[in-house]
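Each chain gets a letter, A, B and so on, in the order the sequences are listed, and its residues count up from 1.
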Amino acid sequence: MPELPEVETVRRTLEPAIVQQTISGLTVGAFSGVLGGMEPELANALLTGRRVRSIRRRGKYLLIDLDDGSGIEVHLRMTGHIELAPVERDPIRFQHLALHFENGIDLRFADQRKFGRVIVHAGNPELGLKTKLGPEPLSSDFTSVVLAAILGKRYAPIKSALLDQKAIAGIGNIYADEALFLSRIHPLRPAKSLTPEEIRKLHRNIRRVLNSGLEHRGTTFSSYRDANGESGENQQHLYVYGRGRSGGACPHCGHPLTHLVISARTSHFCPNCQRLPSGDSSAAI
DNA sequence: ACACTGCCCTGCGAGC
DNA sequence: TGCTCGCAGGGCAGTG
């Protein structure tokens, strides 16, 4: 599941290969819905001849800026995958789109589950995202004071708040569970019930787990790869994600981990280290 | 504005 | 061996 560290790792592997390169064409496969409704012929016409000026990341979105002010927005969703390859190489599995460059390199987009999108924008690809995304959690603007303001007005479970891209951009299920575990906060705690000390801890641990993910070039739980086809290593550095269902032991206290479904996402946590205040009825299993 | 639900989509692993 | 079935979850539309 590509989250901020995975998308950033893809961006970093893509950047040296495509910046300053000129697009020579676009090939779209049977699933043209990957373009989000745009006709492939139009997308091809808009992109052909354009040069890549830069590649940015905003939350879990990749933004490719082109020389005429237009751009491409890419979202990998769950199983989306980008890979660089010479144009003559066979299409990769589940490939839906290939962006061809004049230097003979392809940027291929593949997605087993067809959730991901490659959207061509006639203008700045970031414009539509501004109202949909909260602050970047690794930016210097994201202070614990900012986090407190975001959480202070929400009754929803802290886990739901962390997954809300409008609150904070780029956190997904894996890094949310990891940050809550390190902060010893139960995922069902109402966001606004966190104490100032807990918010400071959570702020620190959000950045810690995201930086760990970046350092290890992403978490490869099933299908994630960077643009060079390399797996990440961060799965070896996770504390609780994915282990609450198999009865794994808490790395801190040894208690069996457990899981709950919150916001239709499975939350993995330690019922001993991450407790609900007494009196709350939704006690851990 | 916020909170919550259902939908999309399909390979994979578990169970029989 | 071969089949069925549940699971994975980001973003969005729809509803209250």
Side-chain angles (χ1 to χ4, degrees), chain A residues 1-8 10 29-37 57-63 73-82 92-97 109-119 121 125-126 128-134 136-137 149-180 187-193 210 213 218-225 231-232 235 238 240-248 257-269 282:
Chain A
M1 287 67 70
E3 305 180 24
L4 187 155
E6 289 73 35
V7 178
E8 177 62 22
V10 171
F31 175 60
S32 60
V34 67
L35 291 171
R57 180 194 55 74
R58 181 74 175 89
K60 302 174 195 170
Y61 292 82
L62 276 177
L63 303 171
E73 166 198 325
V74 181
H75 200 299
L76 303 172
R77 295 285 185 102
M78 255 93 76
T79 50
H81 170 55
I82 283 178
I92 56 178
R93 209 170 172 212
F94 311 121
Q95 180 170 321
H96 301 310
L97 177 149
F109 179 88
D111 189 354
Q112 152 194 324
R113 284 158 75 179
K114 301 181 182 174
F115 279 10
R117 292 292 180 267
V118 177
I119 307 294
H121 291 276
E126 191 181 359
L129 299 179
K130 291 206 186 281
T131 57
K132 296 196 290 191
L133 299 178
E136 284 291 326
I150 290 166
L151 301 180
K153 48 190 175 182
R154 288 172 173 261
Y155 288 95
I158 181 63
K159 175 66 183 284
S160 306
L162 292 178
L163 293 178
D164 184 350
Q165 302 302 295
K166 209 168 174 174
I168 308 165
I171 301 175
N173 208 28
I174 298 173
Y175 295 96
D177 279 1
E178 294 294 302
L180 288 173
L188 279 179
R189 290 271 304 281
K192 67 181 300 181
S193 76
L210 293 176
T219 300
T220 296
F221 219 77
S222 54
S223 61
Y224 166 75
R225 300 287 186 281
S231 298
Q235 62 279 8
L238 298 178
V240 291
Y241 180 80
R243 300 224 269 261
R245 193 173 284 285
S246 52
L257 297 171
T258 188
H259 63 96
L260 278 175
V261 176
I262 304 169
S263 288
R265 309 286 175 264
T266 304
S267 287
H268 306 264
F269 64 101
S282 39

Expressed as a whole number of angstroms, how long is the span from [X]:[atom1] to [N]:[atom2]?
X      : N      : atom1 : atom2 : result
A/I158 : B/dA3  : CD1   : C1'   : 15 Å
A/L76  : C/dA8  : CG    : C1'   : 16 Å
A/K132 : C/dC12 : NZ    : P     : 4 Å
A/H259 : C/dC7  : NE2   : C1'   : 11 Å
A/L151 : B/dC2  : CG    : C1'   : 14 Å
A/R58  : C/dG11 : CZ    : C1'   : 16 Å
A/L188 : B/dA3  : CG    : C1'   : 14 Å
A/K153 : B/dC2  : NZ    : C1'   : 11 Å

Would you classify A/Y224 as touching base, sugar-phosphate or nothing, given that sugar-phosphate means primed atoms plus P, OP1 and OP2, and contacts are heavy atoms under 4.0 Å?
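Nothing, no nucleic acid heavy atom in range.
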Which part of the nucleic acid, if any, lies within reach of A/T79 when heavy atoms closer than 4.0 Å are counted: base, sugar-phosphate only, or nothing?
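No contact.
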For C/dG10, does OP1 or OP2 lie under 4.0 Å from any side-chain N or O of A/H75?
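So the side chain of A/H75 is outside the cut-off, no N or O lying under 4.0 Å from OP1 or OP2 of C/dG10.
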Between [X] and [Y], is there a donor-acceptor pair closer than 3.5 Å when you use the side chain of the first and the backbone of the second?
X      : Y      : result
A/Q165 : A/K132 : no
A/R243 : A/L238 : yes
A/H96  : A/D111 : yes

Answer yes or no: is there an ion pair linking A/R58 with A/E73, defined by an N-O contact shorter than 4.0 Å?
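No salt bridge links A/R58 with A/E73.
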Less than 3.5 Å apart, any donor N or O on the side chain of A/Y224 or A/E3 sitting next to an acceptor on the other?
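Looking only at side-chain atoms, A/E3 and A/Y224 do not form any donor-acceptor pair under 3.5 Å.
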Go through [options] for me and flag the one nearest to the [X] side chain.
X      : options               : answer
A/A156 : B/dC2, C/dA8, B/dA3   : B/dA3
A/R245 : B/dC4, C/dG10, C/dA8  : C/dA8
A/K60  : B/dA3, C/dC12, C/dG11 : C/dG11

Going by number, which of residues 162-177 of chain A have a non-hydrogen atom under 4.0 Å from DNA chain B?
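Heavy-atom contacts with DNA chain B come from no residue of residues 162-177 of chain A; none.
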State whether the number of non-hydrogen atoms from other residues, nucleotides or ligands found under 6.0 Å of A/F31 atom CZ is greater than 12.
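Correct, the count exceeds 12.
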Any chance you could lay out the side chain to side chain contact (heavy atoms under 4.5 Å, CB included) test for A/R57 and A/E136, step after step, and finish with the verdict?
CA-CA 10 Å; A/R57 180 194 55 74; A/E136 284 291 326; 2.9 Å; yes
I want to check something: taking the side chain as every heavy atom from C-beta on, are A/D177 and A/R265 in contact at a cut-off of under 4.5 Å?
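Of all side-chain heavy-atom pairs linking A/R265 with A/D177, none is under 4.5 Å.
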For A/P5, the option from A/L210, A/T219, A/I174 that meets side-chain contact (heavy atoms from CB on, under 4.5 Å)
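The passing option is A/L210.
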Per-nucleotide protein contact string for nucleotides 5-16 of chain B (B base, S sugar-phosphate only, - none; heavy atom under 4.0 Å)
---BBBSS----
